[in-house]
Every structure is written in structure tokens, then in C-alpha cells.
Amino acid sequence: MLIPMGLLMGYLWAGFLHPDPWFLEVRGVISRVLYLYLPLMVLPAFFFLVAAVVLLRNRTLARHLLLMLLSVSLLLLLLYPLADVVWYLRGKQKSRTLVELYHPYLQLKPVLPEAGELLPNGKDYVIFCLGGSTTEMKDSHGRGWPERLEYLLRQQTGSDFLRVFNLGRQWYTSLHTLINYQTNLRLYHPDLLIVMHNINDLLQNADFSYFSRGPFRGDYGHFYGPSAQLPDQYGLFGHYWENLARCWYHQPREVVTQDSFPGLSSFTRNLRTLLELARLDSTQVILLSQPNLLTEEMNQQAREACVMVRREAVGPGKQWSFDAAISGMRQYNARIREIAREEGALFIDLEPTIPKNLTWFFDEVHYKDTTFDLVANTLGREIARLGILPSEKIP
């Protein structure tokens with residue numbers, strides 16, 4: 001009896017030596033302990049306890065060991081369902097809390113100027129900075145590049161009425177910005193839009209990822225993004241089996257070297273439409289290229305910092321290669337330049353101004369504190385060169 005049982009236990013135990021690397025990187029310590037480290041310790045202990053019960057001649061000791069074995073087994077049978085129940089209830093509570101942040105069309109509620117932030121009668125010169133997290137996010141002191149840019153431009157123009165608003169939103173694509181502009185922002189009649197998009201639109205092409213629900217769609221309807229965290233996909237106990245499957249005999253994913261990106265067509269449509277709407281309102285637009293870390297010369301440390309390739313462009317059976325991400329980033333930045341040229345829009349090539357190393361980035365596109373001043377200074381200098389701002393104080 002012990003030999004077949006030992007073989008079975010060995011087979012089960014060896015499976016946990018081949019976990020999903022994505023699970024180990026994304027899940028927290030508690031999940032790794034419950035679904036990986038604990039089985040690796042418990043399975044051998046369980047087998048040796050059973051062997052001791054069978055082989056021991058001291059029946060009293062054998063009974064005690066058997067009682068301990070049953071107690072541990074019962075504890076584990078209670079532990080995992082209880083952990084799943086806690087996860088389920090916390091997820092439900094988290095969903096109720098996140099409802100305040102989520103938007104049925106824009107996924108995350110847009111950031112809008114607050115009442116009283118704009119002067120009456122249009123006496124201020126208003127600049128809206130639009131984009132995703134690389135526009136929205138701030139440094140460790142709570143200041144982003146739009147806030148710095150406002151200070152620089154006020155110095156250049158001598159205008160106390162020049163206002164720069166940081167209206168970027170994490171996860172936003174060019175389509176989110178287009179909808180937000182048409183629905184909300186046109187009402188404010190901004191004088192200038194500064195638009196930086198690339199990375200989130202690029203990720204739409206990874207339609208095999210955990211954030212997608214089907215093949216690529218031109219309206220981005222396949223990509224759930226942060227909303228993928230809201231639906232209860234696993235039921236009350238399904239979370240346990242889903243996690244366990246990631247830790248036991250994981251099959252390597254296919255590495256996709258994608259060089260063709262259907263999302264470029266949608267990206268082009270969105271930016272062209274935004275430019276057209278702005279022209280109707282006599283609003284100027286500056287398109288920016290996306291600074292990034294991605295390059296063939298990246299060392300291993302830089303590659304390990306790349307969250308998009310290692311976590312977000314990953315699905316149950318596929319993941320992007322670094323070559324796919326590098327190619328996509330270049331193609332999207334090239335398309336921005338092309339759109340600006342063909343539409344006669346203003347363009348600032350921000351990408352070459354930020355060195356591609358971990359001094360300036362902590363992942364593919366997000367900035368370290370040292371980078372915000374560089375971005376703002378570059379934009380301030382280039383906007384001055386374009387000569388589009390009032391040269392004196394606005395009356």
C-alpha cells in the first residue's frame with residue numbers, strides 16, 4: 001500500500017515544483033504560501049505520518065499519530081475553504097468600494113476641473129493635459145509633470161491666469177480620451193490640449209491577456225482592463241482551484257513575437273477625430289511621443305522591471321516577447337508622428353529626450369522622481385519654441 005501511495009504523493013509533490021512564473025510574480029505572499037509552499041511541505045509530512053501509522057508496532061503511538069493526521073487533514077480541509085470565503089467576501093466588499101471609482105463607459109471615472117478652478121468670462125488661458133497614467137501620476141512629493149509645466153509656462157509668459165490641468169487617467173486609451181473630451185471637456189473650451197497616448201492603446205493588441213475577453217475589436221470592446229477585476233469569475237470556492245492550477249504542473253506559455261498591430265487603425269481614428277473636434281472649437285493640440293525604457297539593448301535588470309511584458313501582456317496560454325513590445329512601442333510612436341504631420345498638428349518628440357535606463361524609469365513607461373522635471377522642462381522649452389502661448393499677461 002505504501003509504495004503506490006508514495007508514488008502518488010511523489011507525483012503530486014513534483015507538480016508544485018513547476019508553478020506558473022506569472023502567479024509567483026503577481027500574487028501576494030499569502031497566496032504563494034497557501035497554494036505553493038504549504039503543499040510542498042504538507043504532502044511529504046502527510047505521507048510519512050501515514051507510513052509511521054502503518055509501520056509502527058507501538059499501537060498507542062500509532063493511534064496518536066493517526067489522530068494527529070486526522071486533525072491536520074481536518075484543519076487543512078477547513079483552511080482552504082475558509083481562505084476562499086474570506087477572499088470572496090473581501091472581493092465583494094472591494095467591488096462595492098471600487099464602484100465609486102469605476103465608470104460604465106470609461107472604466108475609471110474621469111478627472112475633471114473642479115468648480116471654481118476656472119476664472120469666469122474665459123479670462124484664463126486653459127491647458128488640458130490628457131493621457132493615461134504617464135500623464136496622471138505624480139512623484140513622491142505629489143507633483144506631476146503638468147503641475148511643473150504650469151509653473152514654467154507662467155514664468156515664460158508672466159501670466160498668473162495660465163492654468164494647466166492634469167486630466168490624465170490610468171488605463172485610459174486614446175478612445176477613453178476621445179469620449180471624455182467629447183462628453184465632458186469640450187464644455188470648458190480649453191485653449192490647448194497636450195495629448196500623450198501609446199502604451200495603453202498598444203496593450204489592446206494583446207487580446208490573449210487576462211484583461212481581455214475575446215479577440216481584438218476596433219472599438220476596444222474586447223479589453224476589460226481594470227474592470228476585469230470587478231466581476232466574480234470564480235464563485236465561492238472556484239478561486240482555490242484556479243490558484244491551485246497555476247501552481248501545479250504549469251505548462252509554459254507560447255511567447256508571441258507580434259509585429260503586426262491591428263489596433264493602430266483604431267488609434268489613428270481616435271487621434272484624428274480628437275484633432276478634428278479640437279479644430280471645430282479653435283483649440284490647439286500638441287501630440288507627444290511616449291518616452292519608454294524598451295530597447296534591444298536592455299540589460300536583464302531592465303527586462304525584469306518591465307511590468308507590461310511580464311504581467312499585463314500575459315494570458316493563460318500566451319505572452320508577448322520583448323521584441324513584440326519594442327516593435328509595438330516604435331510603431332505607435334511612429335504613427336503619432338505621422339498623424340501630426342498629415343493633420344498639421346503640433347508635435348513634440350518627447351521620447352528621445354528621456355534616456356532609456358532605470359535612472360529615469362521604474363518600468364516600461366512610468367517615471368522615477370528624477371524624470372518629472374526633465375519631462376516638464378522639455379515641454380516648456382518646446383512650447384516656447386513653438387510660440388503658441390500669449391507673450392504677455394492675459395487680460
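Just so it is clear, the structure is predicted and the values come from calculations on it, not from any experiment.
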Evaluate the side-chain proximity of [Y] to [X]: yes if any heavy-atom separation is below 4.5 Å, no if none is.
X: Leu149; Y: Ile194; result: yes
X: Val111; Y: Arg169; result: yes
X: Leu175; Y: Ser266; result: no
X: Pro291; Y: Met196; result: yes
X: Trp320; Y: Val314; result: no
X: Val195; Y: Leu274; result: yes
X: Thr273; Y: Arg269; result: yes
X: Leu358; Y: Lys368; result: yes

Please check: side-chain N/O of [X] versus main-chain N/O of [Y], any donor-acceptor pairing under 3.5 Å?
X: Asn205; Y: Leu202; result: yes
X: Asn198; Y: Gln290; result: no
X: Arg32; Y: Leu24; result: yes
X: Arg163; Y: Ile127; result: no
X: His103; Y: Tyr105; result: yes
X: His250; Y: Cys247; result: no
X: Asn180; Y: His176; result: no
X: Gln170; Y: Glu136; result: no
X: Asp281; Y: Thr283; result: no
X: Thr353; Y: Leu350; result: yes

Distance from [X] atom [atom1] to [Y] atom [atom2], nearest 0.5 Å?
X: Arg311; Y: Asp363; atom1: CZ; atom2: CG; answer: 9.5 Å
X: Leu244; Y: Phe16; atom1: CG; atom2: CZ; answer: 4.5 Å
X: Asp369; Y: Lys138; atom1: CG; atom2: NZ; answer: 13.0 Å
X: Leu275; Y: Leu193; atom1: CG; atom2: CG; answer: 9.0 Å
X: Gln258; Y: Lys318; atom1: CD; atom2: NZ; answer: 9.0 Å
X: Asn333; Y: Leu287; atom1: CG; atom2: CG; answer: 11.5 Å

Discussion item. Would you call the rings of Tyr220 and Phe216 parallel, tilted or perpendicular, taking 30° and 60° as the class edges?
Written reply: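 If you compare the ring of Tyr220 with that of Phe216, the planes turn out perpendicular.
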Item to complete: Determine the interplanar angle of the Tyr367 and Phe361 rings, folded into 0 to 90°, and report it as parallel if under 30°, tilted if 30 to 60°, perpendicular if over 60°.
Response: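 Ring orientation of Tyr367 relative to Phe361: tilted.
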Please name the pair of heavy atoms, one in [X] and one in [Y], separated by the smallest distance, quoted to 0.1 Å.
X: Leu374; Y: Trp360; answer: CD2-CZ3, 3.7 Å
X: Lys356; Y: Leu293; answer: C-CD1, 3.6 Å
X: Ala340; Y: Phe347; answer: CB-CB, 3.6 Å
X: Gln107; Y: Gly225; answer: NE2-N, 3.9 Å
X: Asp201; Y: Tyr332; answer: O-OH, 3.6 Å
X: Leu203; Y: Met308; answer: CD2-CG, 3.1 Å

Checking [Y] against [X]: is there a side-chain donor and acceptor pair closer than 3.5 Å?
X: Ser327; Y: Asp259; answer: yes
X: Asp323; Y: Thr257; answer: no
X: Ser133; Y: His366; answer: yes
X: Tyr151; Y: Glu147; answer: no

Pairing of [X] and [Y] as salt bridge, 4.0 angstrom limit:
X: Glu338; Y: Arg335; answer: yes
X: Glu343; Y: Arg279; answer: yes
X: Glu342; Y: Arg337; answer: no
X: Glu25; Y: Arg310; answer: yes
X: Asp160; Y: Arg154; answer: no
X: Arg330; Y: Glu296; answer: yes
X: Asp20; Y: Arg253; answer: yes
X: Glu382; Y: Arg385; answer: yes

Hphob cluster co-occupancy, [X] + [Y], side-chain heavy atoms under 4.5 angstrom:
X: Tyr35; Y: Val26; result: no
X: Ile339; Y: Leu264; result: yes
X: Val164; Y: Met137; result: no
X: Leu152; Y: Ile388; result: no
X: Leu386; Y: Val375; result: yes

Item to complete: Identify which one of Val126, Leu192, Leu389 satisfies the side-chain contact (heavy atoms from CB on, under 4.5 Å) criterion when paired with Leu162.
Response: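 Considering Val126, Leu192, Leu389, a side-chain contact (heavy atoms from CB on, under 4.5 Å) with Leu162 is found only for Leu389.
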Worksheet item: Does Tyr224 have its ring centroid less than 6.0 Å away from the ring centroid of Phe211?
Response: no
Worksheet entry | Aromatic centroids of Trp248 and Tyr11 separated by under 6.0 Å |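 Ring-ring flag for Tyr11/Trp248: true, centres closer than 6.0 Å.
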Item to complete: Determine, for Phe23 and Arg246, whether the Lys NZ or Arg CZ falls below 6.0 Å from the six-membered ring centre while staying within 45 degrees of the axis.
Response: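 So Arg246 doesn't make the cation-pi contact.
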Worksheet item: Is Arg303 positioned over the aromatic face of Phe322, cation under 6.0 angstrom from the ring centre and no more than 45 degrees off axis?
Response: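 Yes, Arg303 and Phe322 form such a contact.
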Discussion item. I'd like to know whether Leu130 forms a side chain to side chain contact (heavy atoms under 4.5 Å, CB included) with Tyr172, so could you lay out the CA-CA distance, the side-chain angles of the two residues, the decisive distance to 0.1 Å, and finally the verdict.
Written reply: CA-CA 9 Å; Leu130 308 177; Tyr172 269 25; over 6 Å; no
Practice prompt. Determine which pairs satisfy ring pair (Phe, Tyr, Trp, His ring centres under 6.0 Å) with at least one residue from residues 271-297, sequence neighbours left out, and list them in order.
Written response: none
Worksheet item: Counting only heavy atoms not in Phe362, do more than 12 sit closer than 6.0 Å to its CZ atom?
Response: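 Yes, the 6.0 Å shell around CZ holds more than 12 heavy atoms from other groups.
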Worksheet item: In chain order, what residues pass the side chain to side chain contact (heavy atoms under 4.5 Å, CB included) check against Ser212, with sequence neighbours excluded?
Response: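 With neighbours one apart ignored, the set is Asp207, Ser209, His222, Phe223.
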Fill in: Trp22: partners by ring-ring contact (aromatic ring centres under 6.0 Å, His included), with sequence neighbours left out
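Once residues adjacent in sequence are excluded, the partners of Trp22 under the ring-ring contact (aromatic ring centres under 6.0 Å, His included) criterion are Tyr210.
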